[in-house]
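Remember, it's a predicted structure, so these values are computed and weren't measured experimentally. The first residue in the sequence is number 1, and the count goes up from there.
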Amino acid sequence: MYVTVNGVRLACYQRGQGREPALLLVHGFPLDHRLWKAQLSGLASEAWVIAPDLRGFGRSELGTAPLTMEQHADDLAALLDCLGVARAVVAGLSMGGYITFAFWRRHPDRVRGLVLADTRAEPDTAVARAGRDAAAQRAREVGPAVFAEEMLSRLLPPSSLSNPKIVGAARDMMASQPVPGIVAALAGLRDRVDSRPILPAIRVPTLVLVGENDMLTPPSDAAAMAEAIPGARLVTILRAGHLSPLENPRAFNAALRTFLRRV
Ligand code: MLT
């Protein structure tokens with residue numbers, strides 16, 4: 001379905017409509033709802049699974065506002081309004097995790113639980129910020145297909161790179177993202193705030209997930225984040241890198257299922 005929130009039309013995919021709890025899945029960069037294909041199908045008997053394409057990605061419009069984490073968070077709160085969902089378990093991967101932190105800061109009363117997958121609370125370093133600008137320039141020059149190809153080996157460890165199904169799904173998703181969305185998202189990623197100060201004040205059940213071979217947001221970052229959040233549970237997803245829900249959906253869904261029963 002399509003919903004118009006804050007002036008832009010977002011594509012939203014859902015399964016298990018009306019079930020409790022609602023599970024809002026927030027994809028990373030440069031991805032879309034297809035990251036969550038196995039969660040949409042595998043968790044629909046447990047939850048109302050809601051997976052939008054964020055503004056600028058997939059079949060959603062880009063709009064004119066900067067793609068800040070806060071803008072995405074406000075879009076998601078408006079999306080929940082449209083669906084009639086008061087509170088949801090919010091699960092974000094990587095950039096989706098940064099957005100999940102912004103959602104918690106701005107809309108805490110809408111959060112039933114948090115799932116932070118392959119993400120980190122730290123902001124970008126000066127070097128990383130410069131890297132975002134270089135990446136935006138590169139995306140403009142070479143287009144999404146080459147950009148995707150160049151990212152694949154950083155997102156996926158060798159064990160996943162040798163699996164044509166995983167590589168094909170990741171490549172198709174990344175190569176189809178529009179360049180203006182990629183460029184706008186990189187500016188938002190570059191300028192995101194430090195979420196470390198809010199971690200000790202998180203007061204909802206929280207699950208931290210990380211692929212054992214995640215090179216971008218490694219297990220050590222996930223462990224530090226889980227340590228800082230009161231009562232958070234940390235689960236390492238075996239045989240997975242940065243795209244753990246796609247690489248090992250069985251283990252990812254098992255961890256989520258256990259968590260959903262707890263909240
Ligand atoms: C993502 O997967 O969303 C991005 O790699 C996040 C980032 O580059 O910080």
Side-chain angles (χ1 to χ4, degrees), residues 1-2 8-13 25-42 50-63 66-67 69 71-72 75 91-99 117-119 124 128 131-190 192 211 213-217 237 239-249 252:
M1 70 183 284
Y2 285 92
V8 299
R9 207 166 80 113
L10 299 187
C12 181
Y13 302 78
L25 298 172
V26 190
H27 64 76
F29 168 88
L31 310 170
D32 61 28
H33 77 280
R34 285 174 282 176
L35 172 68
W36 305 113
K37 188 164 172 256
Q39 287 67 47
L40 277 160
S41 57
I50 302 164
D53 288 344
L54 297 166
R55 66 165 71 201
F57 294 94
R59 294 180 191 275
S60 291
E61 290 176 346
L62 173 59
L67 259 60
M69 302 306 112
Q71 180 64 62
H72 288 305
D75 289 349
L93 179 130
S94 197
M95 178 182 77
Y98 314 153
I99 295 166
D118 300 293
T119 192
D124 276 6
R132 301 291 187 191
D133 295 335
Q137 185 57 30
R138 182 80 185 142
R140 280 194 205 94
E141 278 165 15
V142 299
V146 172
F147 188 76
E149 211 54 49
E150 291 174 353
M151 273 194 80
L152 270 178
S153 59
R154 279 183 290 133
L155 298 178
L156 300 175
S159 55
S160 293
L161 283 171
S162 63
N163 181 326
K165 243 178 88 179
I166 294 174
V167 174
R171 178 188 283 132
D172 287 352
M173 189 169 22
M174 293 197 287
S176 64
Q177 302 309 320
V179 168
I182 292 175
V183 169
L186 282 162
L189 287 166
R190 178 194 64 203
R192 75 182 190 281
N213 299 314
D214 187 339
M215 294 168 277
L216 282 182
T217 48
I237 306 295
R239 295 182 305 283
H242 192 58
L243 304 183
S244 56
L246 186 80
E247 295 171 79
N248 191 346
F252 194 95

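- Residues Ser60 and Arg9 have side chains not in contact (no heavy-atom distance under 4.5 Å, counting atoms from C-beta outward).
- The heavy-atom pair separating Ala139 from Ile182 by the smallest distance is CB-CG2, 3.8 Å.
- Side chains of Ser244 and Asp214 form no contact here, defined as non-hydrogen atoms less than 4.5 Å apart.
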Please assess Leu216 against Leu155 for the test side chain to side chain contact (heavy atoms under 4.5 Å, CB included), listing each intermediate value before the final yes or no.
CA-CA 7 Å; Leu216 282 182; Leu155 298 178; 3.4 Å; yes
Could you walk me through whether Leu54 and Ile99 pass the side chain to side chain contact (heavy atoms under 4.5 Å, CB included) check?
CA-CA 10 Å; Leu54 297 166; Ile99 295 166; 3.5 Å; yes
After noting the C-alpha distance and the side-chain angles of His27 and Leu93, does the key distance pass the side chain to side chain contact (heavy atoms under 4.5 Å, CB included) rule?
CA-CA 6 Å; His27 64 76; Leu93 179 130; over 6 Å; no
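- A donor-acceptor pair shorter than 3.5 Å cannot be found between the side chains of Ser160 and Asn163.
- In terms of heavy-atom proximity, Ser41 sits nearest to Ala38 at OG-O, 3.5 Å.
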Mind running side chain to side chain contact (heavy atoms under 4.5 Å, CB included) on Met95 and Phe57 for me, showing each step along the way?
CA-CA 12 Å; Met95 178 182 77; Phe57 294 94; 3.8 Å; yes
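- Atom CD of Glu61 is separated from atom CG of Asp53 by 12.0 Å, given to the nearest 0.5 angstrom.
- By the 6.0 Å contact criterion, CZ on Arg190 is enclosed, its count of non-hydrogen atoms from other residues, nucleotides or ligands being greater than 12.
- His242 meets the ring-ring contact (aromatic ring centres under 6.0 Å, His included) test with no other residue; sequence neighbours excluded.
- The nearest pair of heavy atoms linking Leu152 to Leu161 is O-CD2, 4.1 Å.
- Classification of the Trp36-Phe252 ring pair by plane angle, with boundaries at 30° and 60°, yields tilted.
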The test is side-chain hydrogen bond (donor to acceptor under 3.5 Å, both in side chains); show your working for Gln137 and Asp133 and say whether it passes.
CA-CA 6 Å; Gln137 185 57 30; Asp133 295 335; over 6 Å; no
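- The side-chain hydrogen bond (donor to acceptor under 3.5 Å, both in side chains) test applied to Asp32 returns Arg34, Gln177, not counting sequence neighbours.
- Between Leu62 and Pro180, the shortest heavy-atom contact is CD2-CB, 3.6 Å.
- Between Tyr13 and His33, the ring-plane angle classifies as parallel under the 30° and 60° cut-offs.
- Ion pairing of Arg171 with Glu149 is present here, as a side-chain N (NZ or NE/NH1/NH2) and a carboxylate O approach within less than 4.0 Å.
- Scanning both residues, Asp118 and Gly211, for their nearest heavy atoms gives OD1-N, 2.9 Å.
- With hydrogens and angles ignored, the 3.5 Å screen pairs a side-chain donor or acceptor of Glu247 with a backbone N or O of Gly241.
- Across every non-hydrogen atom of Arg55 and Leu67, the tightest pair is O-CD2, 3.4 Å.
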